[in-house]
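Below you'll find the structure, written out as structure tokens, and then a few comments.
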2 protein chains.
Amino acid sequence: MSMASAKHLLFEHLAELTKALANSNRLELLELLAQGAQSVEVLTQRTGLSFANVSQHLQTLKKAGLAIGERDGKNVRYRLQDGPIVAALTGLRRLAEHNVAAVGDVRRRYLDDLDGLDPISHDDLIERMKSDSVVLLDVRPGDEFASGHLPRAVHIDVADLEDQVARLPKDREIVAYCRGPYCVMSYKAVQILRAKGYLVRRLEDGFPEWKAEGRPVESAT
Amino acid sequence: MSMASAKHLLFEHLAELTKALANSNRLELLELLAQGAQSVEVLTQRTGLSFANVSQHLQTLKKAGLAIGERDGKNVRYRLQDGPIVAALTGLRRLAEHNVAAVGDVRRRYLDDLDGLDPISHDDLIERMKSDSVVLLDVRPGDEFASGHLPRAVHIDVADLEDQVARLPKDREIVAYCRGPYCVMSYKAVQILRAKGYLVRRLEDGFPEWKAEGRPVESAT
DNA sequence: CAAACATTCAATGTTGTGATTGAATGAACT
DNA sequence: AGTTCATTCAATCACAACATTGAATGTTTG
């Protein structure tokens, strides 16, 4: 094999991997898998696709080395393969936001406008955590919180936030987070809390991105 | 437009962008464009594809907002659009090296074995540059060096290295770099120099990646 | 062992992508 | 103005990707 063809082979492999990512349904599945392992059934419900179609896309992801399926009783639970998958997706997302005007637009229109304040960056949060000057609020569903969350985060499902708002202090800033940059739950939480007079901001991105950067996380015991 | 469909639209856009990347020929073109602006003719020569085919792929890249074509006299010169394109590609490349065993293999077999020493990281190089304890060696063709290079880098085309080796000091470590992680020129340079008793290592990745990270560069005047 | 269930497989039709060809454009030079 | 050259466009064909359907597999439960 000549040097030139080896190089060409490399691009072929890279293209093959990229093709596995280049489908809106698979991107959505990957975002869901980034929250934690899920059965095909749950993924079918959340995406609204047909059962067989979800299974087929999962096979594609598996072949590309992006996802793993493991039998768990009657179900097969899929999860992300280890590795820099979330980092690569974040790179693509940033590129899309920069280059495709529509992407930035959609996000601004539907999400940022709900907020109005800049989200807090990961680095800034680390600083604030050192001085213990913030309270972290995880507003994802309970099972996702259980499978991993930011250190010392308080968990209140966004659906229960109105009722349980008293668990949060008013004298410290609250940083809310959820699944990722397109997840609306933390936006909603900010809305609710701000209406009640809390000092609250969103965390940039969400839990999967935080974890992918190798930052500290903890799991329910 | 409901919230759910907005989210779906987002994945659609993201998939569209990713599709533009998901082709080996376009990935190769992007790598070439990352070196600097090129005419269609030159790109045709370097890739070995047909003229019309290259043009067609370039249109695809343009539509996706990845490349720009500008008339320059008789020729149209294409270059990368501004933005985090190289960063996104680096993310994909790292993912491929991690997940697709063959990619790492090919690279090791054809490149790393030529070297044997770990490349120096960008952060480490910044440190070494502060103390002025290294000499940077740019072994790319002259025009690419002219359109941008690392600060105070010495330029010797790898083809002229044997002849001009005397321009390099033997009492300081040399760090050679070229186009990127799959570029063989810096490997070759290391081979040549090491055979002559120089203390030399490769820089991790190459010029486009360095620049994309926002690290200091300079251009010929 | 049979029934129920979750998942995968195989076959099909439709649509999209990539390469090739030759014609069309449009700037520069004579 | 007409010729030359680089590039793009339009038409075509082969082939791969996607969603759908219904049948097949394999696991738990009674």
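Throughout, a chain's letter reflects where its sequence line sits, starting with A, and its residues are numbered from 1.
- At least one side-chain nitrogen or oxygen of B:Arg26 sits closer than 4.0 Å to the OP1 or OP2 atom of C:dG18.
- Between A:Arg179 and A:Glu31 no salt bridge is recorded (no basic side-chain N to carboxylate O distance below 4.0 Å).
- For B:Asn23, a side-chain nitrogen or oxygen approaches OP1 or OP2 of C:dG18 to under 4.0 Å.
- Residue contacts for B:Arg77: at a heavy-atom cut-off of 4.0 Å it reaches no nucleic acid atom on any strand shown.
- Not one side-chain nitrogen or oxygen of A:His57 sits closer than 4.0 Å to the OP1 or OP2 atom of D:dA17.
- Note on B:Gly73: only backbone sugar-phosphate atoms sit closer than 4.0 angstrom, heavy atoms only; bases stay farther off.
- Ion pair A:Arg152/A:Asp138 not flagged as a salt bridge, since none of the NZ, NE, NH1 or NH2 atoms sits closer than 4.0 Å to an Asp/Glu carboxylate oxygen.
- For the residue pair A:His122/A:Glu204, the side-chain donor-acceptor check at 3.5 Å is not satisfied.
- The interatomic distance linking A:Glu12 (CD) with C:dG18 (C1') rounds to 12 Å, in whole Å.
- Put simply, CG on A:Leu49 is 13 Å from P on D:dT21, counting in whole angstrom units.
- When all heavy atoms of A:Cys178 and A:Val139 are compared, the pair lying nearest together is CB-CG2, 3.9 Å.
- Atom C1' of nucleotide D:dC5 and atom CZ of B:Phe51 are separated by 9 Å, given to the nearest angstrom.
- When rounded to the nearest whole Å, the span between NZ of A:Lys74 and P of C:dA4 equals 11 Å.
- A:Thr60 comes within 4.0 angstrom of no nucleic acid atom, judged by non-hydrogen atoms across all strands.
- Checking the phosphate oxygens (OP1, OP2) of C:dA19, no side-chain nitrogen or oxygen of B:Ser50 falls inside 4.0 Å.
- Regarding A:Asp72, its CG atom lies at a distance of 13 Å from the P atom of D:dT27, rounded to whole Å.
- Distance, B:Lys63 NZ to D:dC9 C1': 11 Å, rounded to whole Å.
- Nucleotide C:dT17 holds its P atom 14 Å from the CG atom of B:Leu21, rounded to whole Å.
- Among the heavy atoms of the strands lying under 4.0 Å from B:Gln56 is at least one base atom, whether or not backbone atoms are also near.
- A salt bridge is absent between A:Lys211 and A:Asp205: the closest approach of a Lys/Arg side-chain nitrogen to an acidic carboxylate oxygen does not fall below 4.0 angstrom.
- Rounded to whole angstrom, the span from the CG atom of A:Leu61 across to the P atom of D:dA17 amounts to 14 Å.
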